[in-house]
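One structure, pasted below without further comment.
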Amino acid sequence: MPRKPGAKHHVYVVELEDRVWNHGRFRRANPEYQLGRPFVYVGMTGLDPDIRFDKHKAGIQANSFVQAFGLRLLPTLYERYNPLSYEDARSMEVELAIALRKNGYGVWQA
């Protein structure tokens, strides 16, 4: 697929360990969580998602939930949207988080 002009950004989804549910902040953000569904972090970046995930895990501009509980990227949930313009990535990050919450996922989106 040809790259769109200005499309340098990506949305991405990281699977989080079940232990993230022990944090009240995470539980309060997910009142509609359905037992057995995955816990995820949804983000956007101007980097390749693999590089951004490595930075989270290394503590570089990291989200604390991803740094402590991040397991792996879930490309099947985001690859079809990338690459995007900055504005489109910002919007898609929110839309994707909302869609996953509606499907019962436990979601953190900063």
Side-chain angles (χ1 to χ4, degrees):
M1 174 190 296
R3 192 175 170 132
K4 299 173 214 142
K8 300 184 247 185
H9 291 80
H10 300 83
V11 292
Y12 62 99
V13 179
V14 176
E15 182 179 6
L16 303 174
E17 291 179 33
D18 293 348
R19 293 182 304 130
V20 75
W21 192 244
N22 296 330
H23 290 263
R25 221 169 42 139
F26 193 93
R27 282 194 313 274
R28 285 188 299 277
N30 291 284
E32 303 297 319
Y33 172 71
Q34 294 174 11
L35 189 63
R37 300 298 284 177
F39 298 108
V40 297
Y41 171 86
V42 178
M44 65 147 299
T45 182
L47 303 171
D48 179 277
D50 290 313
I51 293 169
R52 183 65 187 107
F53 177 70
D54 291 344
K55 286 186 170 220
H56 276 295
K57 294 304 287 180
I60 301 166
Q61 296 176 325
N63 173 271
S64 60
F65 290 136
V66 178
Q67 186 177 11
F69 304 110
L71 295 172
R72 67 189 65 81
L73 289 167
L74 298 174
T76 58
L77 296 177
Y78 64 83
E79 276 184 331
R80 66 183 167 269
Y81 305 115
N82 294 326
L84 299 160
S85 69
Y86 176 78
E87 288 303 321
D88 288 345
R90 282 183 48 168
S91 296
M92 182 53 67
E93 177 188 7
V94 173
E95 291 172 28
L96 186 53
I98 290 168
L100 291 171
R101 272 201 184 98
K102 282 184 181 176
N103 283 306
Y105 284 64
V107 179
W108 191 261
Q109 184 256 324

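Values below: all heavy atoms of this structure, side chains included; hydrogens, waters and symmetry mates excluded.
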Could you state whether Leu73 and Phe65 fall into the same hydrophobic cluster, counting links through intermediate Ile, Leu, Val, Met, Phe, Trp or Tyr residues with side-chain heavy atoms under 4.5 angstrom apart? yes
Any side-chain to backbone donor/acceptor pair from Asn63 onto Val66? Under 3.5 Å, distance only. yes
When you measure from the side chain of Lys57 to the backbone of Gly70, do you find a donor-acceptor pair of N or O atoms at a distance under 3.5 Å? yes
From Leu74 atom CG to Glu15 atom CD, the distance as rounded to the nearest 0.5 Å: 5.0 Å
Could you check whether Phe69 and His23 have their ring centres less than 6.0 Å apart? yes
Residues Arg19 and Ala68: closest non-hydrogen pair is NH2-O, 4.1 Å
Would you be so kind as to tabulate the donor-acceptor pairs closer than 3.5 Å made by side chains of residues 37-48, with sequence neighbours excluded?
| residue | atom | partner | partner atom | Å |
| --- | --- | --- | --- | --- |
| Arg37 | NE | Asn103 | O | 3.0 |
| Arg37 | NH2 | Asn103 | O | 3.3 |
| Thr45 | OG1 | Leu47 | N | 2.9 |
| Asp48 | OD1 | Asp50 | N | 2.8 |

Report, as yes or no, whether the 6.0 Å neighbourhood of atom CD on Gln34 holds more than 12 heavy atoms from other residues, nucleotides or ligands. yes
Considering non-hydrogen atoms only, spot the tightest contact between Phe26 and Leu16 and give its length. CE1-CD1, 3.9 Å
So among Leu100, Asn30, Val13, which one has a side chain to side chain contact (heavy atoms under 4.5 Å, CB included) with Tyr105? Leu100
Minimal non-hydrogen separation, Ala7 against Pro83, with atom names: O-CB, 3.4 Å
Using modelled atom types only, decide if a donor and an acceptor are shared between the side chain of Arg27 and the backbone of Asn22 within a distance under 3.5 Å. yes
Rounded to the nearest 0.5 Å, what separation is found between the CD atom of Glu95 and the CD atom of Gln109? 11.0 Å
Is Arg101 reaching over with its side chain to a backbone N or O of Val107, donor-acceptor style, under 3.5 angstrom? yes
Below 30° counts as parallel, above 60° as perpendicular, anything between as tilted: where do the rings of Tyr33 and Trp21 land? tilted
Determine whether the side chains of Ser85 and Asp88 contain a donor N or O and an acceptor N or O closer than 3.5 Å. yes
Hydrophobic cluster membership, Tyr78 vs Leu71, 4.5 Å side-chain cutoff: no
Between Arg52 and Gln61, is any pair of side-chain heavy atoms under 4.5 Å apart? yes
